[in-house]
Amino acid sequence: MPELPEVETIVRCLGCLLLGLEVEAVRVAFRPVIRNRKPSALDRLVGRQIVGLRRRGKMILVDFSGGITAIIHLKMTGQLLFCPAAAPSDKHTHLALAFRGSDHELRYRDVRKFGFILGVRTGDVDLAPELRGLGPEPLTLDLLSFLRRLEGRRGRLKSLLLRQNVIAGVGNIYADEILFQSGLHPLAEVSRLSRRCLERLWSAIQQVLNEAILFKGTTIRDYRDGEGLEGLFQNRLEVYGREGEACTRCGTVIRRIRVSGRSTHFCPRCQRR
DNA sequence: GCCACTGTTAGCAT
DNA sequence: CATGCTAACAGTGG
């Protein structure tokens, strides 16, 4: 469930805590979460310092000294937690890094095991198949580039928002919120949207994602930031998870439908087709 | 106990 | 260019 705002929150949170720490030990409890086929740089982290934390789409990039980067995708239920080494860890903790002179460690947890960690050379990060083909970052994409990017595309508007090769980082929750904010119907045909509508869409993307980052993301169930804290944006959701409740803008009952296999929430009055 | 559901994404057939 | 379906996995709720 971590989408762009959640991953951004984790990266900002952990950036402050991890920068400069030197890896003292690596514990791997469940090897398959490491995607490298052969023993890789990830097996040689001891002695390296963490020199950077970045986000690309929904992925976390941890840069280590010596030119190694860990690419981490949390998928639905992954967590990256900086916690006391003494705290008990459960069966869903698949990997942990201990640091020299620190009583805290960094743990990677993932109940459903969909997530992964991949070690690459820092210079090759953008070439990794997981990052290749990822669309631009929505929050640094200006309006004109956005419009150009959507030119010639077809299909349902919501499906388009979810496609990581078009725009990176938007997932199911924020797609619904962005559509509500822009007053557009999830099933609207992309190729038939007026320029005015596309501008509203672009602006809603900026607004919703930035606001969600300010509120440190949405915790429905599993999401936690780097210190184990819940987000606050779940209290500000306008449509997601509000099926049967009243629209905050017009009072109409929020409806839920299925769009490309994903649960989709919208206000039938504020979001006309 | 069984079944349907869940925030992600890749791979497949169409 | 697009769609829908399935699968990976574990937990939750009816």
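Predicted model only: the values in this text are computed from it and were never measured. Per chain, numbering begins at 1; letters A, B, ... match sequence-line order.
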Within the pair A/Lys91 and C/dG11, is there a side-chain N or O less than 4.0 Å away from OP1 or OP2? yes
Has A/Tyr223 got its ring stacked on B/dG7, by the test of a centre gap below 5.5 Å and a plane angle below 30°? no
Take the protein atom CZ of A/Arg112 and the nucleotide atom C1' of C/dT12, then report the distance between them rounded to whole Å. 11 Å
Quiz question: going by heavy-atom distance under 3.5 Å, is there a donor-acceptor pair between the base of C/dT12 and the side chain of A/Arg221? no
Quick one: is A/Lys113 getting a side-chain N or O under 4.0 Å of the C/dA10 phosphate, OP1 or OP2? yes
Distance under 6.0 Å and angle within 45° of ring axis: A/Arg48 vs A/Phe64: no
In whole angstrom, give the distance that lies between atom CG of A/Asp110 and atom C1' of C/dG11. 12 Å
Nearest to the A/Arg154 side chain among C/dA2, B/dT6, C/dA8, which nucleotide is it? C/dA2
Just N and O in the side chain of A/Ser263: are any of them under 4.0 Å from OP1 or OP2 of B/dT6? yes
Name the pairing partner of C/dT12, where a pair is Watson-Crick or G-U wobble with both distances under 3.5 Å, or state none. B/dA4
Calculate the interatomic distance between A/Ile173 atom CD1 and B/dT6 atom P; express it in whole Å. 13 Å
What does A/Gly171 touch in the nucleic acid at a heavy-atom separation under 4.0 angstrom: a base, only the sugar-phosphate, or nothing? sugar-phosphate
Rounded interatomic separation in angstrom, taking CZ from A/Arg156 and P from C/dT3: 6 Å
Quickly work out the A/Asp222 CG to C/dG11 P distance and round it to whole Å. 11 Å
Return the value, rounded to whole Å, for the distance between atom CE of A/Met59 and atom P of B/dG7. 19 Å
Counting side-chain heavy atoms from CB outward, which of C/dG11, C/dA2, B/dT9 is closest to A/Gln164? B/dT9
Taking NZ, NE, NH1 and NH2 as the nitrogens, is one of them in A/Glu137 or A/Arg55 under 4.0 Å from a carboxylate oxygen of the other? yes
Quick note, A/Arg163 side chain, CB onward, closest among B/dG7, C/dA2, C/dA10 is C/dA2
Considering only side-chain heavy atoms of A/Ile220, which listed nucleotide, B/dG7, C/dT3, C/dG11, is closest? B/dG7
Whether over 12 other heavy atoms sit under 6.0 Å from A/Arg269 CZ: no
Take atom CE of A/Met76 and atom P of C/dG11, then tell me their distance rounded to the nearest Å. 14 Å
Heavy-atom nearest nucleotide on DNA chain B taken for A/Arg258 and for A/Lys58; more 5' hit belongs to A/Arg258
In terms of the nearest nucleotide of DNA chain C, which residue is placed more toward the 5' end: A/Gly155 or A/Val111? A/Gly155
Measure CG/A/Leu162 against C1'/B/dT9 and give the value in whole Å, please. 11 Å
Near-ring test A/His185/A/Phe266, centroid separation under 6.0 angstrom: yes
Would A/Arg249 count as a cation-pi partner of A/Phe180, with NZ or CZ less than 6.0 Å from the six-membered ring centre and within 45° of the ring normal? yes
Is C/dA2 paired to anything, Watson-Crick or G-U wobble with both distances less than 3.5 Å, and if yes, which nucleotide? B/dT14
Contact class for A/Arg256 vs. all strands (heavy atom < 4.0 Å): base, sugar-phosphate, or nothing? sugar-phosphate
OP1 or OP2 of C/dA10 versus the side-chain N and O atoms of A/His92: is any pair under 4.0 Å? no
Would you say A/Ser159 places a side-chain N or O within less than 4.0 Å of OP1 or OP2 belonging to C/dT3? yes
Is the positively charged end of A/Lys113 above the ring of A/Phe30, judged by distance under 6.0 angstrom from the centroid and angle within 45° of the axis? yes
Could you work out the separation of C/dT6 and B/dC3 based on their P atoms and round it to a whole Å? 16 Å
